[in-house]
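Values below: every heavy atom of this structure, side chains too, minus hydrogens, waters and symmetry copies. In listed order, ligands and their atoms are each counted from 1.
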Amino acid sequence: MISEKMKELVKNGSAIRAMFEEGKIMAAKYGKENIYDFSLGNPSIVPPVSVKEAIIDIVNNEPEMELHGYTNNAGYEDVRQAVADYTNKAFGTNLSAGNIIMTVGAAGGLNVALKAIINPGDEVIVIAPYFGEYDNYISNFDGVKVMVDADLERFAINFEDFERKITVKTKCVIINTPNNPTGAVYTEDDIKKMAEILERKQAEFGTSIYLFSDEPYREIAFNGLEIPYVTKYYRNTIVGYSYSKSLSLPGERIGYLVVPSELDDFDEVIGAMVVANRILGFVNAPTLMQKVIKKVIGNTSDLSVYEENKNILYKALTEMGYECVEPKGTFYMFPKCPIADDKEFCEKAKEFRLIVVPGSNFACPGYFRIAYCVDKAVVENSLESFKELIDFYKR
Ligand code: PLP
């Protein structure tokens, strides 16, 4: 008999799996090329050639037993130093290898951080709409999710509600910019305002509130937009990064945590994270990928495709009459449904061969997510279906 906790998680998990299966059934029925599947955030562009070259070089030239052995739980020292040096150069930080933990992607990093800091009953704030897996990660450590209502104007932060939701039990706030599912990017002013509120609340309650900045989409920002580096604005920031999207390597499970020395109880926190990396079952981040990262650091896939897709979709959809906040990054768009029931709308979309995800999966009903990490041709060919879909509701 499985655990009560897992029963609930399996029930929720099967909804997403069902959508995936549905996509396959539809592809068999109509032909794969006639289905416009915008459901998953799986990158659609190949990794840069430097990744393949690095893998071949490492496999051919590094001593095998060392390459495939366990590493220090935090990751190879030289790889962590390379990440620190790169971050210092790019963002003016003052990090060394001792501030970096190599992780099993962003998901691994989030779980490690939460395991290290959350006591059962501690509150973790998330800002709607948000990546639904946060619920599972928080529940892994018996934390209590506290949701800040969405700011539907910009999909930034509803500061009034944010301030209201912080209590003496708040241990962590998770932000994600550029954002899945909206594509929103928090401005420097947003970050400053958030930092000011957090500082004030820490002083009021005499607590430490850690801000976890989840940044797998950092490089996917449009129009050359700069994404503020959050550690500069708030001392108790932990950054989680992943190469899943920027290098199109989600299956390789590689990322890192930045834990600045200024963090409250730094030594204890980073020590706990290193142990968490081991005892959560990861033991260490994949060794071959750690070495690849050292060689290709600073490279990305050709991310311009996502901006092209965004431009095509945003222009066409708004002209058709969809209401949408223009994404500033990522490969997601989060338009409003023309009816209140987002699940019903996404079901209807299937009749037009479109697979999109209900906003309620991201705690924001009445909206839907389009993951446009697909070939440009799929975007272009899908437009007629989007038009027929909204026309159906206009009739
Ligand atoms: N955080 C956000 C906001 C994401 O969208 C994703 C994946 O889509 C993750 C974390 C997990 O990323 P990874 O594959 O690096 O674990």
Side-chain angles (χ1 to χ4, degrees), residues 13 16-17 19-20 38-45 47 51 75 83 101-115 124-140 145 147 150 155-157 172-186 211-221 227 230 238-258 276-277 280-282 284-286 289-290 292-293 300-301 303 306 327-334 357 359 361-364 369-374:
I16 294 162
R17 212 174 42 237
M19 196 163 63
F20 191 63
F38 296 103
S39 60
L40 290 182
N42 221 356
S44 55
I45 40 180
V51 167
V83 169
I101 300 177
M102 301 308 292
T103 62
V104 178
L110 264 156
N111 277 278
V112 162
L114 293 172
K115 170 99 179 154
V124 180
I125 292 184
V126 293
I127 294 165
Y130 63 91
F131 178 53
E133 293 287 60
Y134 292 160
D135 287 353
N136 298 326
Y137 304 160
I138 294 166
S139 136
N140 281 346
K145 178 196 66 180
M147 189 180 81
F155 290 128
I157 301 163
C172 182
V173 175
I174 302 177
I175 58 168
N176 167 225
T177 163
N179 184 270
N180 175 11
T182 64
V185 169
Y186 297 170
L211 176 60
F212 190 100
S213 184
D214 182 25
E215 305 190 353
Y217 303 96
R218 166 161 282 281
E219 288 83 3
I220 315 179
I227 315 288
V230 186
I238 299 158
V239 177
Y241 182 78
S242 162
Y243 294 96
S244 294
K245 317 290 172 167
S246 63
L247 284 175
S248 308
L249 295 174
E252 300 299 345
R253 314 306 304 134
I254 187 74
Y256 60 82
L257 288 171
V258 172
N277 213 20
L280 279 171
F282 306 128
N284 55 245
M289 281 303 130
Q290 289 191 48
V292 168
I293 292 310
T300 66
S301 307
L303 305 170
Y306 301 135
K328 299 232 166 25
T330 72
F331 38 59
Y332 305 111
M333 195 174 288
F334 202 60
V357 183
N361 287 24
F362 308 93
C364 197
R369 189 189 77 172
I370 307 171
Y372 49 89
C373 42
V374 295

With sequence neighbours left out, write down each residue that passes salt bridge (Lys or Arg N to Asp or Glu O under 4.0 Å) with K115, or none if nothing qualifies. none
State, to 0.1 Å, how close P43 and C373 come at their nearest heavy-atom pair, and which atoms those are.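 P43 and C373 have their closest heavy atoms at CA-CB, 4.3 Å.
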Excluding sequence neighbours, so at least two apart, what forms ring-ring contact (aromatic ring centres under 6.0 Å, His included) with F212?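 Scan of F212 (ring-ring contact (aromatic ring centres under 6.0 Å, His included), adjacent residues dropped) gives none.
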Under the ring-ring contact (aromatic ring centres under 6.0 Å, His included) rule, collect the residues that match up with F131, sequence neighbours excluded.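 F131: ring-ring contact (aromatic ring centres under 6.0 Å, His included) contacts with Y134.
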Which label fits F334 and F362: parallel for a plane angle under 30°, tilted from 30 to 60°, or perpendicular past 60°?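 Perpendicular: the ring planes of F334 and F362 meet at over 60°.
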Any side-chain donor paired with an acceptor under 3.5 Å for D135 and Y130? yes
Near ligand 1, which residues have a heavy atom under 4.0 Å away from one of its atoms? G105, A106, A107, F131, Y134, N176, N180, D214, P216, Y217, S242, S244, K245, R253
